[in-house]
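First the proteins, then the strands, lettered A, B, ... as listed; each starts at 1.
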Amino acid sequence: MEEKSNFILNIVEKDVAAGTNDGRVHTRFPPEPNGYMHIGHAKAILLNYSIARDFGGKFNLRFDDTNPVKEEQEFVDSILEDIRWLGADWEDRLYFSSDNFDVKYEFALRLIEAGRAYVCDLSQEQTREYRGTLTEPGRESPYRSRSIKENLDLFMRMKRGEFAEGSRVLRAKIDMASGNLNMRDPVLYRILHAPHHRTGEKWCIYPMYDFDHPFSDTLEGITHSLCSIEYSNHRPLYDWIVEQAVELIPERVKCRSRQYEFARLNLSHTIMSKRKLRRLVEEGHVQGWDDPRMPTIAGLRRRGVTPEAIADFCDRIGVARADSVVDLAMFEHCVREDLNSKAHRVMAVLEPVKVVITNWPEKEVEWLEIENLPGDEQAGSRQVPFGRETYIEREDFMEDPPAKYHRLAPGKEVRLKGAYAVTCTEVIKDEAGEVVELRCTYDPATRSGQDISGRKIRGVIHWVSAQHALPATVRSYDHLFAVSDPEQVEEGKDFTSNINPNSLMINSGCYVEPSLAAAEPGSRYQFMRKGYYCMDWDSTLDNLVFNLTVSLRDSWTPGK
RNA sequence: UGGGGCGUCGCCAAGUUGGUAAGGCACGGGACUUUGACUCCCGCAUGCGUAGGUUCGAGUCCUGCCGCCCCAGCCA
């Protein structure tokens, strides 16, 4: 009914209507291969991809690999995998900034020839001093007036490797008095005697982001270059570079690319900075980049979150320019909604207590048919064994229950889901007073689907046949950070002090129904009345391992 | 005290040329229920940072305040 609307869509619609760039829409996602993708990146990836898709345009994937010191092939591989998994299709347009280092060098030469760039010999420290401050204008470098001939010579020798790292840079000649520090003769190229993960030893000068990015966009014909808010200050420089390219190297320019900024995603109870996520991994607060508690794409995938849920989430949070923090509950809602419609229902008991049905024949086993996905006949059904001994959840029994406790208690009757109604007749405890076994009787007239007892049975609990149960380990997760804003800390502490010590809980003595013997790692289920779980790759034949994706909503408040 | 942004319900977020505040999440209430799940109903901003102004009429225009974010890498 209501169309989704945001300022970027409005811009694109207007451009298409006006025939800007011949009505063409071309976006890109430009990751730097120096870390893993997280859900914040997913927002950017999906935004770029969906705009191209929805307007019949194109979407490129371009690695921004202009800093060999920080970048590695390992990250290229993981990023490729994550973006593919998210479903953003770059078709045959996978690019690397480094693929065009030659053209970029040529562009730089023309900038020098036009008198708009110069080689500067100031040290890094001096450069900083000359740049001025936020409130005071900068001073022009003494090297700013070098002749074009000398600049050309010096730059070519920089490329040949004649100079030490840090000894010289190529700078744009713009305006040292600009209120925007990015315009105070920004560095275009620096010397880095470091091997590049793709170009190897070929180059020892590397372009800076501000020079490389806009030019790459024009080379690829990117019409709408979307990035996050902190690049707003760079837009004047982006436009300057595009203008220079249009004028000085028009044969390579496919269009006048334009940059638009939107607010990056922040999630409550979560951190999104690559640096801090790295610390969580390196300091052992989590077990790796794909730890299910991590907001990384790899972590979410291992947790059991689907790409569809992520896409739906990104769709719902919208796109705007205002800083914001989205409630994690919003994300969890999207995950539940998606899984609710596709995860098959099975039974698993996480903290088992044995139930013996005293009036059930010793060796008899009855196979009950239970539907896989109520409301969806296509999903079929399966046979689940029921016998004299079963396990139920420890929390589904209370010796002295509060009012409206629709579960098992002495003398009370509940239905074992898909099977019979049982009544608790005896509670057996150990010396410590811990309940170790419950004795019940069942009523044959209450067989699921053929209940002729005429009684209305309120409580329904899940169970697993003891004789057929499969042992399993279930890992339950809570928010990695106990507080909404992990960055809010006391004096002298940092975000790690907000780590939730109980974010991981491992239950190793669990039992799951036998149908799960056929489950595959990565497959998702709803453990009835508990939550959604994903089989982990750590699973073995004699011990299945499941990760909690998200629990079911639970509106039951004891005593109320 | 420079420049660039942003401020609409607890959290996100729509709001054409000014015409009388969408939607989602969360929350509360109810119905249904062999998952206390799902689903379905109902409720939830006389007010859009704030103070003025223009106007028949302003979240939308003007002015002044207030608050928050970003920028002084040879990182991206």
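A heavy atom closer than 4.0 Å to some atom of RNA chain B occurs in A:Arg128, A:Arg131, A:Thr133, A:Leu134, A:Thr135, these being the qualifying members of residues 128-136 of chain A. Only A:Val325, A:Val326, A:Asp327, A:Ala329, A:Met330, A:His333, listed by number, bring a heavy atom of residues 325-339 of chain A to less than 4.0 angstrom from any atom of RNA chain B. Scanning residues 159-176 of chain A for heavy-atom distances under 4.0 Å to RNA chain B yields A:Gly166, A:Val169.
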Does the side chain to side chain donor-acceptor pair (under 3.5 Å) test come out yes or no for A:Tyr238 and A:Asp217, once each step is laid out? CA-CA 10 Å; A:Tyr238 182 100; A:Asp217 283 344; 2.7 Å; yes
Could you go through the side chain to side chain donor-acceptor pair (under 3.5 Å) check for A:Ser381 and A:Glu371 one step at a time? CA-CA 4 Å; A:Ser381 62; A:Glu371 51 192 341; over 6 Å; no
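Atom pair A:Tyr209:OH and B:C75:P shows a separation of 15 Å (rounding to whole Å applied). One interatomic measurement links the two molecules: CZ of A:Arg458 to C1' of B:A37, which rounds to 13 Å at whole-angstrom precision. The nearest whole Å value for the distance from the NZ atom in A:Lys530 to the P atom in B:G36 is 11 Å. The separation between A:Arg345 atom CZ and B:U39 atom P is 10 Å, rounded to whole Å. The CD-P distance, from A:Glu32 to B:G73, rounds to 18 Å in whole Å. One atom, CD1 of A:Ile457, and another, P of B:U35, lie 12 Å apart when rounded to the nearest Å. Regarding A:Ile229, its CD1 atom lies at a distance of 18 Å from the P atom of B:C68, rounded to whole Å.
Partner assigned to B:G59 is none, using Watson-Crick or G-U wobble distances below 3.5 angstrom. Nucleotide B:G73 forms a pair with no other nucleotide shown, judged by Watson-Crick or G-U wobble geometry with both contacts under 3.5 Å. Pair assignment for B:U39: B:A31, on the basis of Watson-Crick or G-U wobble contacts that are both within less than 3.5 Å.
Two residues, A:Arg415 and A:Arg553, neighbour RNA chain B, and the one matched to the more 5' nucleotide by heavy-atom proximity is A:Arg415.
Relative to the side chain of A:Ser324, the nucleotides B:C75, B:C12, B:C27 differ in distance, and B:C12 lies closest. Distance from the side chain of A:Ser5 is smallest for B:G15 among the nucleotides B:A26, B:G36, B:G15.
With a glycosidic angle more than 90° from 0, B:G36 adopts the anti conformation.
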